[in-house]
Each structure stands twice: as C-alpha cells, then as structure tokens.
Amino acid sequence: MRETKPKEFSLPDLAAVEGPVRMRIAPNPSGPLHVGHSRMAILNDEYVKRYGGKCINRFEDTDPARIDPSGYDSILADLDWLDVKISETVIQSDRFELYYGAAKRLLEIGKAYICTCQPDFWRDLKAKKKPCPHREEPISEQNARWDLMFDGGFGQEEASLIVKTDLSHPNPAIRDFVALRIDETPHPRTGTRYRVYPLMNLAVAVDDHELELTHVLRGKDHLNNTYRQLYIYDYMGWDKPTYVHYGRVSMGEIQLSTSKMSAGITEGLYAGWDDPQLGTLSALRRRGIRPESIRRYWIEAGVKEVDIEFSWKTLYAFNKEVVDDSAGRFFFVDEPMRMPLKAPSALTANAPVHPAHPERGTRQLEVPAGGAVYLSRSDVPENGERLRLKDLCNIVFRDGALEFEGNDLSVLREGVRIVHWVPEDSVEAEVKMTDGSTKTGLAERGIASAKGEVIQLERFGFVRVEETSPRIRCIYAHR
RNA sequence: GCUCCCGUAGUGUAGUCCGGUCAAUCAUUCCAGCCUUUCGAGCUGGACACCCGGGUUCGAAUCCCGGCGGGAGCACCA
C-alpha cells in the first residue's frame, strides 16, 4: 500500500499509544548539552507534541563524582532554547528514599542480595555463571548487612546490593547487576547526607514506574540496561512502558566528550563551553545555528535502530534555509589589499540589503574620485584581467590599479568574475572560525547596526554578529 | 571470548511486518545548464543505493538459510 509522500518529514508513529503519553528526558548534569544530547530531547518533545501528554525532565545525578553543579541550570537553559517543553523536573538526588524502598522490597522478596565480596571476585564468578556466597543467604543475614551498609559499618566497595537476574543467562551483560553501592564522595546537592547511592538501573526503573511513563525513548547503548530494568519491573509486578531504542550517532571530528571539553577549557584550548570549536548547544547558539534547524535534523534522522553518521553539511543546509530570509547582506573583505580605483568621477554602489527583498532598501557605499577599494587577497586579479565589482562597476586591472570600465552587466556573459569589495571608510572586523582561527579584515560600516543578528557576508558565509564595539566581532556559522 | 542489535546512493530517509503497482521515495551532497548583479543564492536537469551467496516463488529490497560487514554491552558511569 503506497501512501502519498508527506511533504514534510515526520517521525514514525509510536507503538501502543492509548491517549496522552508520558515521556521523559534524563540528562546527567555533568555539563551543558551538546548536539548529540539534543536528539533525545527533541524526539521526546515531538512525540509529546503529537500525542499530547507530558514530558518530564529528570536529572540523573546518582554519581556524586560525576556532577557539574552548573549543569542543572545550563541544561534547563539549553532545553528552553531548543524549545523543548518540560512539564515537570525531578531530581534523582531528591528521591533516594524511593529507591531504598524498592531495594529493600527486592531484598525481602529474595530478588536481591547484599554482597560483600571483592568486586573482581564477584565479577569473575558471574562470568562463570556461579553465584557468590552471599547470593542465597537467609533474609536475616541480608537485613543485617543492609543495616551495616546504611550505618557505616561497611566502607566503599565493601558491600553492595545486587539484583538477581539469571546467572545462567547467555548474555553476560544481563546477569546479576549492582543496584546500590556505598560512596563517601560528597554530593553537590545533598552533601554527605547519603552514603548509599543507587545505580542507574535501579533508579531508572523505579522512576520510570513512579512517573508513570508510557514510552521510553533512549539510545540503543541502553539496550542491555533495558533488559536489566525489566527484571525489576517483573519482580515488582509493575506495568512496563514501551521502549524505543534509536541507533548511535557518530559525530565525526567535533569534540563532544564532556570531560575532554572541560579539560580543553582549563588548558586554554577552548575559551569556554560556548567556544565555536565545540559542539555544545551554547556554541551553536552563538554561531547563529537556529534550534529549528537542529530539530528538523533529528526529525529527518528518525528513530531507527541503525547507527548513523551526523552530517554537519546537512545541518548547515537546513540552517541556511531558516536564516537566509532574515539575514542582511554585507561585504567583508578578508586579508584586505588596497587597490586604487581610477574612475572619471565618484561612484556610489546601491547594494541590496537582501536580494530577495528589495523593499528592505540598499546599502550605499561611496568611492570618491581618485579613491580606492579593498579586495580580498584571493580576489586580486591578474594583470589585464577584468572584474565586476559587485553592485559598483566593471574594472580592468592594469599596472597595480583598477581602471573603471563602465557598468554594462553584459560582461558577465563573457565570464567576467564578480567579486565583493569594501570602500576605504570601512571598519575593522574579525570572524571567529570554527577551527579556532580568526579571520581579520574590513567590513562595510553598516555592519555595526547588526549586533546580535545572523547576517550573510557575501561570498564568505553566514555569521552571527556578536559584538560591534569596540570592534566588530562575528562568529562563523557556515557558508 | 560471550551476548544482543543492525545492514537501501557520499550522508540521512521512505518502502521490508501483509512479496508484484519499486527498472526503488524524499532531503542533503556532488556535477552540469540557465540567470544583465552577488553567492557557496534561485531555477532546471543529471549522477549515485536495495552487503554477498544460495533457496522458496510465475515474481524478492521485501520471506528462509548461510556468510560477510558495522555497532553496542559484558562497570559499585549514565
């Protein structure tokens, strides 16, 4: 059965939808969000938008050593910028009692045990499909050890609560898993109030159930975690949400590892989390990449379980579409070379602010008689070569000067190149590129009024004007 | 090593469940042409794919088997 091709790309329908959905995004507050993270946020948001319901933000901060306290705020800001609608935010470090309760119950119904083996020893046994000596000990023993865990009778790695699955499970990743551990590291939010920390599989299963989620969307790197969490659901007799696992995204060259970005910042390699070299959302925002473009990208990528390669080219193409209509045009000359212009009189260019919108007017650029213009080094013509100075006139280059050669546009048919230029009264400007370099040059004066806007530097690319004083500073977006 | 998942053009994606209308969709990319004003703009056109091998069938991208390839997990991280 063939259906008419939808003009707009859209996500496939979710399975098992009965009324409003409840979904969640579950960031770890270890730093700001990057493009990779934006996928889960946007996908969840899209489905909640389609079916109605709620999208819950849950901070997963159950590893005190891996939290950057600024993440709680920066992630919320990033989500807001992405236009992801959060109905409610919960923080796992507020909910430890809930996890303890579930863990205690698992212990009491014989589906969990407290192990005091050396971790390596326990892992080896597991690999051999053998139970550790504590696995089948009586409940009284287990309870005694539970108390010791909480009272401080055990130190880090001396005891942990383990959920039983199936030791003979063919997949070694699914056999018994740790659910509660002891950690003395102070937590940024709760300090030393707790010393027993849940691990993700316990916390996630309990929360997904408590929050009454209908659908869980996650990367397929969590596939085995899903299988583990399902054991908890079964033991507790909970209804299961519908899981969707999407494939891995390979992002290519760009640096996305939170720890590496953080290290790069301290080393001075990057100016901050929003350095244009990075793939953080704050960096993209600075460059003028619009959230709509990112959203469209992830919608087109879909939720298939295949691994995909991220294409910056495609994202840029989408962004160009979003941004082009409102981007005013300006001339910027990189590596400027002063070229005397021999013309019979003063010249004035009336360059359109936007070629598709004549109603927005023109930029008037004056070249006085006997004056000069600047060209980019790479545009300097060869002796005898003719050029079209865009929106100004035709010239021929002879003996180090540009000679006026009328204004007849038909020369373009002969293959004469068109180049951009700036007059002598232009202002210094710099463009921060995404490879960390900076291009300096001259821009027409009018650019000073475009602060904060995304503009197109003709024949150079789209940039966002970040500062206009004391000097013009732009961040490069894409061509 | 063990386990699981996946395999349509350069990159994504539709189609695969319910085999024919698929000599395979759309987007992006790339190339060419057009355009008396830019462009890396616009328009038009073009190029590029069903991992391989068997089998079932009148007919397979779609079903079966085998191979190959890619990814993930086997953490007291998430």
Side-chain angles (χ1 to χ4, degrees), chain A residues 1-10 12 26-30 60-63 65-66 92 115 118-119 122-123 126-127 129 156-162 169-175 177-183 196-201 203-204 218-228 245 247-250 252 258 296-302 304-318 320-321 324 327 329 331 349-352 354-356 388-394 407-413 417-420 456-462 478-479:
Chain A
M1 177 174 74
R2 283 183 100 177
E3 292 175 20
T4 50
K5 312 280 178 310
K7 181 113 187 185
E8 288 295 316
F9 273 82
S10 66
N28 175 330
S30 59
E60 303 203 328
D61 56 350
T62 54
D63 182 357
R66 285 187 39 179
Q92 288 191 321
C115 174
Q118 292 290 317
W122 174 76
R123 254 192 305 267
K126 204 167 75 142
K129 305 187 178 182
Q156 291 192 185
E157 298 211 333
E158 285 178 4
S160 54
L161 180 131
I162 293 168
H169 198 290
N171 187 347
I174 314 291
R175 298 174 201 152
F177 61 89
V178 180
L180 238 38
R181 63 164 173 161
I182 295 168
D183 195 335
V196 177
Y197 283 80
L199 267 71
M200 78 161 293
N201 283 306
V204 166
R218 46 164 53 160
K220 80 174 187 192
D221 46 323
H222 283 298
L223 218 45
N224 286 331
N225 288 319
T226 298
Y227 297 138
R228 295 199 265 228
H245 297 94
R248 297 273 297 176
V249 186
S250 149
T258 304
R296 178 174 168 202
Y297 188 90
W298 290 127
I299 290 175
E300 290 206 15
K304 293 210 309 186
E305 229 169 278
V306 286
D307 301 323
I308 63 175
E309 204 167 304
F310 187 82
S311 166
W312 289 96
K313 272 187 176 178
T314 302
L315 176 66
Y316 294 158
F318 293 167
K320 196 190 305 176
E321 263 180 53
D324 180 72
R329 268 55 171 174
F331 287 150
N350 284 295
H354 194 297
R388 167 79 190 168
L389 297 184
K390 185 176 180 301
D391 301 315
L392 187 70
C393 66
N394 306 330
N407 211 352
D408 181 2
L409 290 166
S410 63
V411 298
L412 296 177
R413 300 194 135 170
R417 284 195 301 138
I418 301 174
V419 300
H420 62 286
Q456 188 197 61
L457 299 178
E458 296 194 39
R459 297 185 69 233
F460 184 85
F462 288 86
H478 48 73
R479 46 171 212 183

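Chain letters run A, B, ... following the sequence lines, proteins first and then strands; every chain starts at 1. Just so you know, these numbers come straight off a predicted model, no measurement behind them.
Between B:rA14 and B:rC74, the two C1' atoms lie 36 Å apart (nearest whole Å). As rounded to the nearest Å, B:rC51 and B:rG71 have C1' atoms that lie 15 Å from one another. When the P atom is used for both B:rU25 and B:rG10, the distance is 16 Å, rounded to whole Å. Straight-line distance between the P atoms of B:rC22 and B:rG69: roughly 35 Å, to the nearest whole Å. The gap from the P atom of B:rA75 to that of B:rG12 amounts to 30 Å, rounded to the nearest Å. Rounded to whole Å, the separation between the C1' atoms of B:rU16 and B:rU8 comes to 10 Å. Spacing of C1' atoms, B:rC63 relative to B:rC50, comes out at 16 Å, to the nearest Å. B:rA24 sits 13 Å from B:rA60 when the C1' atoms are compared, rounded to a whole Å.
Atom NZ in A:Lys220 sits about 5 Å away from atom C1' in B:rG71, given to the nearest Å. Residue A:Leu223 contributes atom CG, which lies 13 Å from atom C1' of B:rC74 at whole-angstrom precision. A straight line from CZ of A:Arg417 to C1' of B:rG40 spans 15 Å, rounded to a whole angstrom. Whole-Å rounding puts the A:His478 NE2 to B:rC39 C1' distance at 14 Å. Between the C1' atom of B:rC26 and the CD atom of A:Glu300 lies a distance of 8 Å, rounded to the nearest Å. If you measure from atom CZ of A:Arg218 to atom P of B:rC4, you get 19 Å, rounded to the nearest angstrom. Straight-line distance from the CZ atom of A:Arg388 to the P atom of B:rC39: 11 Å, rounded to whole Å. Atom CG of A:Leu315 and atom P of B:rG40 are 21 Å apart (whole Å).
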> Do A:Tyr297 and A:Ser311 pass the side-chain contact (heavy atoms from CB on, under 4.5 Å) test, and can you show the C-alpha distance, the side-chain angles, and the key distance before you say yes or no?
Replying inline: CA-CA 9 Å; A:Tyr297 188 90; A:Ser311 166; 3.9 Å; yes
>> Please determine whether side-chain contact (heavy atoms from CB on, under 4.5 Å) holds for the pair A:Arg218 and A:Thr226, giving the CA-CA distance in whole Å, both sets of side-chain angles, and the decisive distance to 0.1 Å.
In response: CA-CA 9 Å; A:Arg218 46 164 53 160; A:Thr226 298; 2.5 Å; yes
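If you check B:rU28 for Watson-Crick or wobble pairing at under 3.5 angstrom, you find it paired to B:rG10. With a 3.5 Å ceiling on both atom-pair distances, B:rC48 lacks any Watson-Crick or G-U wobble partner. Of all nucleotides present, only B:rC43 satisfies the Watson-Crick or G-U wobble test against B:rG33, with each distance under 3.5 Å. The base-pairing partner of B:rA72, taking Watson-Crick or G-U wobble contacts with both distances under 3.5 Å, is B:rU3. Remark: B:rC22 base-pairs with no nucleotide; criterion is Watson-Crick or G-U wobble with both hydrogen-bond distances under 3.5 Å. Pairing for B:rU56 is absent, with no Watson-Crick or G-U wobble pair whose two atom distances lie under 3.5 Å.
Rounded to the nearest 0.5 Å, atoms OH (A:Tyr197) and CD (A:Gln92) are 12.5 Å apart. Separating the CG atom in A:Leu457 from the CZ atom in A:Phe331 is a distance of 10.5 Å, to the nearest 0.5 Å. The distance from the CG atom of A:Leu180 to the CG atom of A:Leu199 is 8.0 Å, given to the nearest 0.5 Å.
Nearest heavy-atom pair across A:Lys129 and A:Arg175 is CE-NH2, 3.3 Å.
Between A:Glu157 and A:Arg181, none of the side-chain N atoms (NZ, or NE/NH1/NH2) sits under 4.0 Å from a carboxylate O, so this pair counts as no salt bridge. Comment: A:Arg329 engages A:Asp324 in a salt bridge, judged by a side-chain N to carboxylate O separation of less than 4.0 angstrom.
Contact check, A:Lys304 against B:rA14: a side-chain N or O comes under 4.0 Å of OP1 or OP2.
Closest to the A:Arg459 side chain, of the nucleotides B:rG73, B:rC39, B:rU28, is B:rC39. With B:rC6, B:rU36, B:rU28 as the candidates, the nucleotide lying closest to the side chain of A:Phe318 is B:rU28. Checking B:rC5, B:rU37, B:rA72 against every side-chain atom of A:Arg248, the shortest atom distance belongs to B:rA72. Side-chain atoms of A:Lys313 lie closest to B:rC30 of the nucleotides B:rC39, B:rC30, B:rG12. Listed candidates were B:rU37, B:rG7, B:rA27. Nearest to the side chain of A:Arg296 is B:rA27. Checked against B:rC74, B:rA72, B:rC39, the side chain of A:Ala173 finds its nearest nucleotide in B:rC74. Residue A:Pro172 places its side chain closer to B:rC2 than to any other of B:rC6, B:rC2, B:rU29.
When the nearest nucleotides of RNA chain B are assigned to A:Pro352 and A:Gly302 by heavy-atom distance, the more 5′-ward of the two goes with A:Gly302. Mapping A:Ala356 and A:Val306 onto RNA chain B via the closest heavy atom, the residue that lands nearer the 5' end is A:Val306.
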What are the atom names and distances for every N/O pair under 3.5 Å that joins the protein to nucleotides 76-78 of chain B?
unit_1 : atom_1 : unit_2   : atom_2 : d
B:rC76 : OP1    : A:Arg123 : NH1    : 2.5
B:rC76 : OP2    : A:Arg123 : NH1    : 3.2
B:rC76 : O2'    : A:Arg181 : NH1    : 3.4
B:rC76 : N4     : A:Glu157 : O      : 3.0
B:rC77 : OP1    : A:Arg181 : NH1    : 2.1
B:rC77 : OP2    : A:Arg181 : NE     : 2.8
B:rC77 : OP2    : A:Arg181 : NH1    : 3.1
B:rC77 : O2'    : A:Asp63  : OD2    : 3.1
B:rC77 : O2'    : A:Arg66  : NH1    : 3.0
B:rC77 : O2     : A:Arg66  : NH1    : 2.5
B:rA78 : OP1    : A:Thr62  : OG1    : 2.6
B:rA78 : OP2    : A:Met200 : N      : 3.0
B:rA78 : O3'    : A:Glu60  : OE1    : 2.6
B:rA78 : N6     : A:Asn225 : ND2    : 3.0

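Using cut-offs of 30° and 60° on the angle between ring planes, the pair A:Phe310 and A:Trp312 is perpendicular.
Side-chain contact, A:Thr258 with A:Arg66: no donor N or O sits under 3.5 Å from an acceptor N or O.
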